[in-house]
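Structure, as C-alpha cells:
Note that the structure is a prediction, hence the values are computed from the model and not measured. Letters A, B, ... are given to chains in the order of the sequence lines, protein chains preceding strands, and every chain is numbered from 1.
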Number of protein chains: 2
Amino acid sequence: MLRENRHRQLLRLLREEGVLPVGQIAERLGVSEATARRDLDDLGKAGRLTRVYGGAVAREPVERPFAEEAVDDLADKEALARRAAAEVEDGDVVLLDIGTTTLQLARQLHGRKITVATSNLAVYEELKDDAEVTLVLLGGQVRPNYRSLVGHLTESSLGQLYADRLFLGTSGVLPDGRVLDTTDVEVPVKQAMLNSARQVVLLATARKFPGTGTARICGPQDIDVLITNQASDPDTLAVFREAGVEVAVEVVQA
Amino acid sequence: MLRENRHRQLLRLLREEGVLPVGQIAERLGVSEATARRDLDDLGKAGRLTRVYGGAVAREPVERPFAEEAVDDLADKEALARRAAAEVEDGDVVLLDIGTTTLQLARQLHGRKITVATSNLAVYEELKDDAEVTLVLLGGQVRPNYRSLVGHLTESSLGQLYADRLFLGTSGVLPDGRVLDTTDVEVPVKQAMLNSARQVVLLATARKFPGTGTARICGPQDIDVLITNQASDPDTLAVFREAGVEVAVEVVQA
DNA sequence: TCACAGTCGCGCAAAGTCGCTCACTCGCGC
DNA sequence: GCGCGAGTGAGCGACTTTGCGCGACTGTGA
C-alpha cells in the first residue's frame, strides 16, 4: 500500500478509536511495527497526532461510531471477527450478512484489497471511505432499526452475484445444528446469500448456543466453516464436525 | 491515446480515487509505467497533482463534487426542489437520480407518506431515519466521491422497479434539448431509470444551460416535466415546450 | 533502587521505485 | 524514400522504503 494511503487510514483509525498501541496499528494497516512507528513519527512531527509511549493518540476529536456500546459480547465478536478476517484472501469477493458480528468483521477488513458485497448498512458506513475496499451494496428496502436491506430487490441482486466467501451471522444455533434467525423477512435474503457463495463461514459466539430464533435458515450441511469461541456448547460443535464442517474455536482473553 | 487525453483522464481518476499508485495508473490508462511516471511528472510540475513516492495524490482536498457543488447555486436548487416536491403525491413511488439537486428534493420530502427509490447515497443519508418515508436503495458498486451506486446491479435493480415519478438531474442541457452527463458510468444507470418511471421530471438550474457533459442521457422527447429557473436560456426552453414538455420556471429571490 | 517486560532507535539487507539512457515507432515534410 | 522530432517502452544503476535484529531506553511493580 502507498504510504500516503496508509497515513490517511491511520488517522481515520485513530479518529475512531482515540488511542491505539503500535502493535494494533501495524496489524490493522498490514505493515510491520517498524513501519508503523515510522508512520507515527512522520504524522507526529506533522502535528496530525500525538505520539505516546507504546502508541498514539488522536489529536482531532474522536468520533464515536454509533451504537458500539449496544453490542453485548463485543470482545467475543471481535475475536471471531479477527479470526474470520484471517480467512479472507486478497482479491476475494466477500459477502457480509447483516448483524453486529459481521460489522466487527468489516472493521477488521479495512485496507484489504478486496470486494465487499453486503446488505448490512452498518458495514456500508464502516467501509464507504476505504480507498482499498471495493464496496457493493445489494439493493432493497431500508430497515433503519436493523440497519439492513431486505426484499425481493435484495434477493434478485444476490442472484447476480457470486462471492468467494459468505460470512453469515445468526441469532441462534440449535443442538441439532439448525441455524436460526428471528426476523422472517431476513430469511429469504440469508438463503439467497447461501446460494451465492463458494464458501460459507458461520460466525456464532457462545451465547448463540442455543440463542433465540424462530425461522430456520439452514442446517450444518450448508456450512463450510464455523467460527466460534471456547464457551460454546461442545455437543453442538460435535454435530457440526460430524457434518464435515471445519470448526474454529477462538480463545478470548478477558 | 493522445497524451492530452490521457492527462485529463488521469486527473479524473485521481479526483475519484484520491490516491493512486503508479502501477494502477499505468494499467487503467493502458500505458507502461514509464509513461505513467512521465505523465505524473508533467502534471506534478504543472501543479495539477501532488507526486508521492510510488504514486500520486489529488491536489488539495479530494475534490468532492458534492461538498462543493452543494453550496454553488444552492438557492436555485432549493427552489427547484420545492417545486418538484409539490409534484409528488402521497403514496407515490419516487425515483431519485444521483446528484445534489435531487438531494435538495429529498430534504423537501421528509415526513411524506411515499416510497423513495434511489442510487443516491446522499439521499439515503438524508432519509434513512425518516419514519414516514419508505426508502429503497438500488444495488450497485459504491462510488464514495460521487455518493452514488453504479454498475450492472443498479441497472438490474431498476429493471425490477416501476416508479410513479423519476426526478432526474443533469450536468448540462444543450440548446437542441439533449440532456448530458459528465461521467460515463452513470449514463446506463440514468437510462435505465428513464425506462422505470411513468413520469420523468428533469431538474436543471440556469447554470446547466448549456452546462457541461460529454455523454448524452436522453432528448427532450423523453422528458415529461422540466423544472428550471428564470435565468435559463429561453431558446432551449422553447425546444422543450415544442417537444411537448411541461416547463415550470421558478422565480428565485436573492 | 532494581529487575523486567515492553518499546524505541539504529544499522543492514531486500524489495520496490525512480530517473536516466537508448532503441523503436509513428507522423510529417522534403 | 529518407531524415527528423516527438512520444513510448525497456533496461539498468541510484535511490527510497520496508522489515528485521540487536542493543539502548522507558515505564511498572516489588
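The stretch residues 35-48 of chain A touches DNA chain C through A:Arg37, A:Asp41, each having a heavy atom within less than 4.0 Å of the strand.
In this structure, B:Glu27 atom CD and D:dG9 atom P are separated by 14 Å, rounded to whole Å. Note: CD (B:Glu4) to C1' (D:dG7) measures 14 Å, nearest angstrom. Nucleotide C:dA15 holds its C1' atom 15 Å from the CZ atom of A:Arg3, rounded to whole Å.
In terms of position on DNA chain C, the residue among A:Val52 and B:Arg51 whose nearest nucleotide sits closer to the 5' end is A:Val52. Each of A:Gly54 and B:Glu33 was matched to the nucleotide of DNA chain C holding its nearest heavy atom; the match closer to the 5' end belongs to A:Gly54.
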Q | Heavy-atom protein contacts under 4.0 Å, nucleotides 22-30 of chain D, coded B base, S sugar-phosphate only, - none | A | ----BS---

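Using a 4.0 Å cut-off between charged side-chain N and carboxylate O, A:Arg6 and A:Asp39 make a salt bridge. One finds a salt bridge joining B:Asp42 and B:Arg3 here, because a Lys/Arg side-chain nitrogen approaches an Asp/Glu carboxylate oxygen to under 4.0 Å. Of the charged side-chain nitrogens involved, none lies within less than 4.0 Å of a carboxylate oxygen, so that A:Glu87 and A:Arg82 do not count as a salt-bridged pair. Note on A:Arg198 versus A:Asp164: salt bridge recorded, some NZ/NE/NH1/NH2 to OD/OE distance being below 4.0 Å. We find that B:Arg28 and B:Glu17 are joined by a salt bridge, their nearest charged nitrogen and carboxylate oxygen being less than 4.0 Å apart.
No donor-acceptor distance shorter than 3.5 angstrom exists from the side chain of A:Asn229 to the backbone of A:Val249, with no hydrogens or angles considered. Here the side chain of B:Thr101 pairs no donor or acceptor atom with the backbone of B:Lys77 at under 3.5 angstrom.
Comparing atom distances between the B:Ala34 side chain and each of D:dT17, D:dG9, D:dG19 picks out D:dG9 as nearest.
Considering every non-hydrogen atom in both B:Thr236 and B:Leu174, the closest pair reads CG2-O, 3.4 Å.
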